[in-house]
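Accompanying notes for the structure given below.
When reading the values below, keep in mind they use all heavy atoms of this one structure, side chains included, and skip hydrogens, waters and symmetry mates. Note on naming: letters A, B, ... go to the chains in the order of the sequence lines (proteins, then strands), and numbering restarts at 1 for each one.
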Amino acid sequence: MTLLTDVFDDPAPRARGGIDPALLEGLNERQREAVEYRGRALLIVAGAGSGKTSVLTRRIAGLLSSREAWPSQILAITFTNKAAAEMRERVEHLVGGAADGMWISTFHSACVRILRRQAEAMGLKAGFTIYDAADSRALVKRIIRDADLDSFGFTPGGVLSRISKLKNELTDLESFARNVDSTDARELGFLEIYRRYTEALRRANALDFDDIIGETVYLFRAFPEVAALYQRRFRHVLVDEYQDTNHAQYALIRELVRPVDADVADAVEAKQGWAPALRAPDGSIPGASLTVVGDSDQSIYAFRGADIRNIVEFEQDFPEAHVILLEQNYRSTQRILDAANAVIANNFDRKAKRLFTTSGSGEPIVGYTGYSGHDEAQFVADEIESLRDAGMDYSQIAVFVRTNAQTRPLEEVFIREGVPYRLVGGTRFYERAEVKDAFAYLTLVANPDDDLALRRIINVPKRGIGDATVAALQARADRVGVPLREVLREPEELGLGPKLQAAIRELDVLLDEGTRMAADRPPHEVLMHVLTASGYHAVLKASRDPQDEARAENLDELVSQAKEFRNQYPEATLIDYLTSVALFAAADELDAAEDATGNAAGGARGKVTIMTLHTAKGLEYDAVFITGVEEELLPHRMSLLEPGGIAEERRLFYVGITRARKRLYLSLATSRASFGDVSVAMPSRFLSEIPGDLIEWRGDRRSQGGWSGGGGFRSLGDRGAPRRPAIGASASGRTSGRDPAKPKTEWRTPIGAVRDNGDLKLAVGDRIRHTDFGEGRVANVIENGPRTVAEVEFDGGARKRLLVKVAPIEKL
DNA sequence: CCGTGCAAAAAACTT
DNA sequence: TTTTGCACGG
């Protein structure tokens, strides 16, 4: 996020040099054209790895260095905050630091910024809360219960996805209500929930994710003079990942690049006291120039309302648009591109586009079929170790999964094998209950109208304010017509016991203190105060439940992250902090953590990254493992029913393949644990779309030659036969049936301290016993504090790297 | 009002 | 397999 002062009225710079030749250096002809072209609308169709970020940053740098635009006249939209930060950095580097005032941000960050400034126009207060998916869910859940509508079988998930779709299509409550089928009781039930949800958000002074975009569009449409501020200011709008924009985002862009009518322009300039902007002959301010970059083959967010037509029909939308195709790939080997091209060619309704490279065919793609998720994970771990032995850094290796559930076996095996890894996304830090509790306090301090936040913490830590009391408070709030927060100010009004009154008064005082602090103290101090004064932190610390200990530590971690934020943005207010957290994306944690390891002194060796295919978009790695390439997983079973679902899954697979620079591994398992029991899996149809000679199948049973023709899959009948894992694995029998003697806990959670050998010290020559591998001799010890790794030669012949602290081993 | 214990439900992807 | 919701006794 950016917290720079906005410059709304800079006259356009005069001097126009050409584009600095240095900015064009090393670009191919198409890329050069994309940097240099000037006109109303430009579509850059950028295939994977075609250097689009480079083109985009140089295009911006060109606008600045030729003095065609001030930084403040540029708005660049990226998909993640991380991409925004990266782009800013690269532009600053190119132009030598003169990028202040430029807006480079995500759709959501940009819109929140606009809405906070113009909140009153929309009937909001500037301190509005942003509800994340979990908040919305909790709210809808309560509404369904309160409205006695559960008989229709409404589920929070179903209701929310429908509301989200409506909002992404800019169908607000009123227009939906107008068109609702009033003979359909279930439809009316849904309408009632939608209505209550909308009202609850409004009363709580809150917006959900979809509102952030939609309300901005409504703002611009309802208040042309407000829109004009931004239309007049931004002369160059650039949008990355255009194929993933939904209708609301599309509408927003259209509003932003719309010309300003003469009378509106006059009015705004008079009101603000600005000098007239450059006008067209008819007195209007011409619309901004628009550059969009995207690749319809990488559109993977249809489930979130992304409309591929936005990019496909760009030329109809903007008849004067110029289109540039970037097909030369600078990332992957030809073999990887061949596989990618072959797969995506099966999507029939796409414009022909073929990626090519001049950098050689490279290594074969490696395939592997495991017996289970664990076996597959073992293969991945073994291959990672041999890549490392061949000199590849862990940080250059990524493992992709379709669903977060797949990460478990990977983590378990990686921990056991001592493969350092980092999980991106998954159960996120900011989703943990205690962290959300802490944020509920802060939210309430910033936005007293937020009943949901108050309900969350009114009895956390335990204050003796139970359901009955909350109901009484709520009843009074409803009667008087004030937020719940207001009722806390007069507990004596309710005839409660003295203990309860005291508890309520204490909470009331605490929240007021927080609000007072927030006015002139940094966010982390407010955070520390509410955590301490509420006793929340102390209660967790004092608990004898080991999980509470971890929770207390998470709160400590939260405080230090808040301090970190303070260092990065010294001027930031509490609301800025809450906004930044609310809009933090999974992909954003990538670089933060990477910096942390990368900067570590003394040759710290980076980590393998595990993430979903969705999160992987836009990234690249030397070696990529795509796991779970199975029917019903990739393509996911939920996609089979939706029209276009398979095509989207195929694009997802395509995105995964094209992340790889040098090595690509495709793996699957013939059975996979889900929900507790085991289900059988078939190889993905996508595998048969890759020419057989591109893949080298590993493992004993693959000698028959893979299933490039679609056949060759092992029948279910021989699944029970005990087999050896193929690659450098031990003979533990891990893959065919579990060893009942093995204690289960040792497979368990990487985060919690389930297995902990404390400060067990091993030296070369020590004998140890491992639960899976049996006895062995320590051959080497790599000291690294708590991450000390021992290399052990097991008597069975296998040689393993083990993380001493957590490996299921004992010293003999 | 709080803690315990059992039954039931739940997991695609994400701003 | 893990998390959540509800009934019960204190």
- Watson-Crick or G-U pairs under 3.5 Å in DNA chain B, rendered as dot-bracket with [ ] for crossing pairs and | for another strand: ||||||||||.....

- Message: Taking atom NZ as the centre, does A/Lys541 end up with more than 12 heavy-atom neighbours from other residues, nucleotides or ligands that are less than 6.0 angstrom away?
- Response: yes

- Would you mind telling me which residue lines up with the more 5' stretch of DNA chain B, A/Leu500 or A/Ala582, judged by nearest nucleotide? A/Leu500

- Task: To the nearest Å, give me how far apart NE2 (A/His614) and C1' (B/dA11) are.
- Result: 15 Å

- Message: Closer than 4.0 angstrom, basic N to acidic O: yes or no for A/Arg456 and A/Asp135?
- Response: no

What N/O pairs connect the protein and nucleotides 4-10 of chain B at under 3.5 Å? Give each pair on its own line.
none

- Query: Taking atom P of B/dA12 as reference, at what distance in whole Å does atom CZ of A/Arg637 sit?
  - Reply: 7 Å

- Are A/Lys436 and A/Asp132 close enough for a salt bridge, meaning some N to O gap below 4.0 Å? yes

- Query: Distance check: side-chain N/O of A/Thr469 vs OP1/OP2 of B/dC1, anything under 4.0 Å?
  - Reply: yes

- Note on the structure: Checking B/dC1, B/dC13, B/dA12 against the side chain of A/Ala468 (C-beta onward), the nearest is B/dC1

- Item | Charged N-O contact under 4.0 Å between A/Asp548 and A/Arg551 | yes

- Message: Going by side-chain contact (heavy atoms from CB on, under 4.5 Å), A/Leu454 matches just one of A/Ile457, A/Leu452, A/Asp450. Which one?
- Response: A/Ile457

- d(CZ, A/Arg650; C1', B/dC13) in whole Å: 18 Å

- Note on the structure: The nucleotide from B/dC2, B/dA12, B/dC13 with an atom nearest the side chain of A/Lys462 is B/dC2

- Note on the structure: Testing B/dA12, B/dC13, B/dC2 for proximity to the side chain of A/Phe303, the answer is B/dC13

- Message: From NZ of A/Lys165 over to C1' of B/dT14, roughly how many Å is that when rounded to an integer?
- Response: 14 Å

- Rounded to whole Å, the CE-P distance (A/Met638 to B/dA12) equals 6 Å

- Message: Quick check for you: among B/dA11, C/dG5, B/dT15, whose closest atom lies nearest to any side-chain atom of A/Lys141?
- Response: C/dG5

- Whole angstrom value for the distance that separates P of B/dC13 from CZ of A/Phe653: 18 Å

- Message: Given B/dC1, B/dA11, B/dC13, identify the nucleotide with an atom nearest to the side chain of A/Ala405.
- Response: B/dA11

- Query: Any idea how A/His108 and A/Phe209 line up, ring-wise: parallel (<30°), tilted (30 to 60°), or perpendicular (>60°)?
  - Reply: perpendicular

- Message: Need one value for A/Glu649: base, sugar-phosphate or nothing, where a base atom within 4.0 Å counts as base even if backbone is also close, heavy atoms only.
- Response: base

- Should A/Glu630 and A/Arg402 count as an ion pair when the cut-off is N to O under 4.0 Å? no

- Message: Using a 4.0 Å heavy-atom cut-off, does A/Phe107 contact any base of the nucleic acid, only the sugar-phosphate backbone, or nothing at all?
- Response: nothing

- Item | Contact under 4.0 Å: A/Asn459 side-chain N or O vs B/dC2 OP1/OP2 | yes

- Could you tell me how the ring of A/Phe653 sits relative to the ring of A/Phe686: parallel (under 30°), tilted (30 to 60°) or perpendicular (over 60°)? parallel

- Item | Under-3.5 Å donor-acceptor pair between A/Glu648 side chain and B/dA12 base | no

- Task: State which of B/dT14, B/dC2, B/dA12 makes the closest approach to the side chain of A/Thr612.
- Result: B/dT14

- Between B/dT14, B/dC1, B/dT15, which nucleotide gets closest to the side-chain atoms of A/Asn404? B/dT14

- Compare side-chain N and O positions of A/Arg408 against OP1 and OP2 of C/dT2 and report whether any pair is under 4.0 Å apart. yes

- Given atom CZ of A/Arg145 and atom P of C/dT4, what is their separation to the nearest angstrom? 14 Å

- Would you call A/Lys82-A/Glu86 a salt bridge at under 4.0 Å N-O? yes

- Message: I need the CZ-P distance between A/Arg672 and C/dT1, as an integer number of Å.
- Response: 17 Å

- Please walk me through it: do A/Tyr577 and A/Phe439 pass ring-ring contact (aromatic ring centres under 6.0 Å, His included)? CA-CA 10 Å; A/Tyr577 176 55; A/Phe439 274 106; 5.7 Å; yes

- Note on the structure: Assert: residue with more 5' nearest nucleotide on DNA chain B, out of A/Gly466 and A/Thr403, is A/Gly466

- Closest to the A/Arg137 side chain: B/dC13, B/dA11, B/dA12? B/dA11

- Message: Tell me whether A/Lys52 is salt-bridged to A/Asp240, with the criterion being a basic N under 4.0 Å from an acidic carboxylate O.
- Response: yes

